[in-house]
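Let me begin by presenting the structure, written as structure tokens, before commenting on it.
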There are 2 protein chains.
Amino acid sequence: MSERELRRNLAILPIGTVRELTLLTDRQIRYYEQNNLISPNRGKGGQRRFSLNDVDRLLEIKDFLDAGDSIRDIQEILAKQQRKALEKHDSESALRRSLQKEFAQIGRFGR
Amino acid sequence: MSERELRRNLAILPIGTVRELTLLTDRQIRYYEQNNLISPNRGKGGQRRFSLNDVDRLLEIKDFLDAGDSIRDIQEILAKQQRKALEKHDSESALRRSLQKEFAQIGRFGR
DNA sequence: ATTTAATGTTAGAAAAGCTGACATTTATTT
DNA sequence: AAATAAATGTCAGCTTTTCTAACATTAAAT
């Protein structure tokens, strides 16, 4: 994972900040968690710690709900997103590997 | 200010998170605030809310202290940094303005 | 040998967060 | 229309976090 992705996944925000950033209520945020739309980490004492990615996702969820999608719908939408992201990641890894082989070949002939 | 700078100045982190990110104690963080090395915002109930810039600055402070600088020293170092940043900002604004004028001239002749 | 700077520690109070339950509202289904 | 379900509101009791202020300790500067 890139440095940037790592940073965006750091669990650093308490629910109060997330409430302000998203304009959702605590109740909504927790309800979406119950329904597996997000999975914030927990701090030492058991309090939720959200990442910037969690915030992004909550804003997305908000948009979907406003657009009339149900939570079930959103579960599937997010699952699909997840699959696509994985595919993309895999194909990029594969590309990197094959490029690496090619360069290795070139390197061998080059000297 | 750029979008990025704005984001880095958002007051979003409670002291607990900052403690974990910097490996400083609450006591140290508050003491540095007392000595005007940082000025975190306050949330509704009066609790400190730190920005990512605050965190950066705390890490810097830590390095200076490890290097043997006193808090007084660091106050001056940071003040100097601040002045340099302002100068830089000013000169860049001036540059932008003069470039704008030049382009305006060109534009006038151009048609 | 004092003073001063930086940090530790503690107490008591306030704020924020947690879970679980019941209530309300709005949309679906029968 | 009545019943059910989905999403959110609200409240109570409890735990965790943060706050300030004060006094304590340690190490460095005078």
Side-chain angles (χ1 to χ4, degrees), chain A residues 10-55 57-79, chain B residues 10-80:
Chain A
L10 274 189
I12 53 177
L13 305 175
I15 199 169
T17 298
V18 175
R19 184 175 51 226
E20 289 168 18
L21 291 176
T22 62
L23 299 181
L24 293 167
T25 64
D26 304 20
R27 185 66 169 92
Q28 289 175 301
I29 297 170
R30 298 200 188 105
Y31 185 65
Y32 304 156
E33 179 183 7
Q34 275 191 334
N35 287 274
N36 303 307
L37 300 184
I38 49 171
S39 308
N41 274 21
R42 299 290 179 130
K44 207 188 150 187
Q47 327 231 167
R48 271 165 266 255
R49 285 300 179 83
F50 298 79
S51 70
L52 297 176
N53 272 334
D54 288 327
V55 173
R57 185 177 272 228
L58 284 170
L59 291 173
E60 246 192 300
I61 292 169
K62 213 180 163 193
D63 286 342
F64 282 128
L65 284 171
D66 285 348
D69 296 304
S70 74
I71 295 224
R72 279 284 153 86
D73 294 338
I74 301 177
Q75 286 174 345
E76 296 182 12
I77 294 171
L78 293 183
Chain B
L10 275 187
I12 53 177
L13 305 175
I15 200 169
T17 299
V18 175
R19 184 175 51 224
E20 290 168 18
L21 292 176
T22 61
L23 299 181
L24 294 167
T25 65
D26 305 20
R27 184 65 169 93
Q28 288 175 303
I29 297 170
R30 298 202 188 101
Y31 184 66
Y32 303 157
E33 179 184 8
Q34 275 192 337
N35 287 276
N36 304 305
L37 300 185
I38 50 172
S39 309
N41 274 25
R42 297 290 179 133
K44 207 188 151 190
Q47 330 233 166
R48 272 165 267 253
R49 285 298 177 84
F50 298 80
S51 71
L52 296 176
N53 271 335
D54 288 327
V55 173
D56 271 355
R57 185 178 273 228
L58 284 170
L59 292 172
E60 246 191 301
I61 292 169
K62 213 181 164 195
D63 286 343
F64 283 127
L65 284 171
D66 285 348
D69 295 305
S70 75
I71 294 224
R72 280 281 154 87
D73 295 337
I74 301 178
Q75 286 173 346
E76 295 182 14
I77 293 170
L78 293 182
K80 201 163 296 181

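Residue numbering restarts at 1 for every chain, and letters A, B, ... go by the order of the sequence lines.
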Interatomic distance, [X] [atom1] vs [N] [atom2] [rounded to whole Å]:
{"X": "B:Asn35", "N": "C:dA5", "atom1": "CG", "atom2": "C1'", "answer": "9 Å"}
{"X": "B:Ile15", "N": "C:dA16", "atom1": "CD1", "atom2": "C1'", "answer": "15 Å"}
{"X": "B:Arg72", "N": "D:dT30", "atom1": "CZ", "atom2": "P", "answer": "13 Å"}
{"X": "B:Ile74", "N": "C:dA6", "atom1": "CD1", "atom2": "C1'", "answer": "11 Å"}
{"X": "A:Gln47", "N": "C:dA15", "atom1": "CD", "atom2": "P", "answer": "16 Å"}
{"X": "B:Arg30", "N": "C:dA6", "atom1": "CZ", "atom2": "P", "answer": "18 Å"}
{"X": "B:Glu20", "N": "D:dT18", "atom1": "CD", "atom2": "P", "answer": "9 Å"}
{"X": "A:Asp66", "N": "D:dT8", "atom1": "CG", "atom2": "P", "answer": "10 Å"}

**Item:** B:Arg49 with A:Glu20: basic N within carboxylate O range, under 4.0 Å
**Value:**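 Salt bridge flag = yes for A:Glu20 with B:Arg49.
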
**Any side-chain heavy-atom pair of A:Gln28 and A:Thr22 under 4.5 Å** =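 No, too far: nothing below the 4.5 Å cut-off.
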
**Asked** Is there a side-chain contact between B:Arg42 and B:Arg48 (heavy atoms, below 4.5 Å)?
**Response**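 Yes, at least one pair of side-chain atoms sits under 4.5 Å.
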
**Request:** Just do the side-chain contact (heavy atoms from CB on, under 4.5 Å) check on B:Asp54 and B:Leu13 with the steps written out, would you?
**Result:** CA-CA 10 Å; B:Asp54 288 327; B:Leu13 305 175; over 6 Å; no

Hey, does the side chain of [X] come within less than 4.0 Å of [N]'s phosphate (OP1/OP2), counting only N and O?
{"X": "A:Arg27", "N": "D:dA7", "result": "no"}
{"X": "B:Arg42", "N": "D:dT20", "result": "yes"}
{"X": "B:Tyr31", "N": "C:dT7", "result": "no"}
{"X": "A:Tyr32", "N": "D:dA7", "result": "no"}
{"X": "A:Gln28", "N": "D:dT8", "result": "yes"}

**Request:** Quick one: closest heavy-atom pair of A:Leu37 and A:Leu78, and the distance?
**Result:**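 That closest heavy-atom pairing would be O-CD1, 3.8 Å.
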
[options]: which one has an atom nearest the side-chain heavy atoms of [X]?
{"X": "B:Arg48", "options": "D:dC19, D:dT17, C:dT7", "answer": "D:dC19"}
{"X": "A:Ile71", "options": "D:dA7, D:dT17, C:dA15", "answer": "D:dA7"}
{"X": "B:Ser70", "options": "C:dC18, C:dA6, C:dT7", "answer": "C:dA6"}

**Earlier contact from the 5' end, DNA chain C, for B:Gly45 and A:Glu33** =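 The answer here is B:Gly45.
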
**Request:** Identify whether any heavy atom of B:Arg19 sits under 4.0 Å from a base atom; if not, whether one sits that close to sugar-phosphate; answer base, sugar-phosphate or nothing.
**Result:**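 B:Arg19: backbone/sugar contact only, no base atoms under 4.0 Å.
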
**Asked** With nearest nucleotides of DNA chain D determined for A:Asp69 and A:Gly43 from heavy-atom distances, which residue corresponds to the more 5′ nucleotide?
**Response**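 Whichever sits nearer the 5' end wins; that is A:Asp69.
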
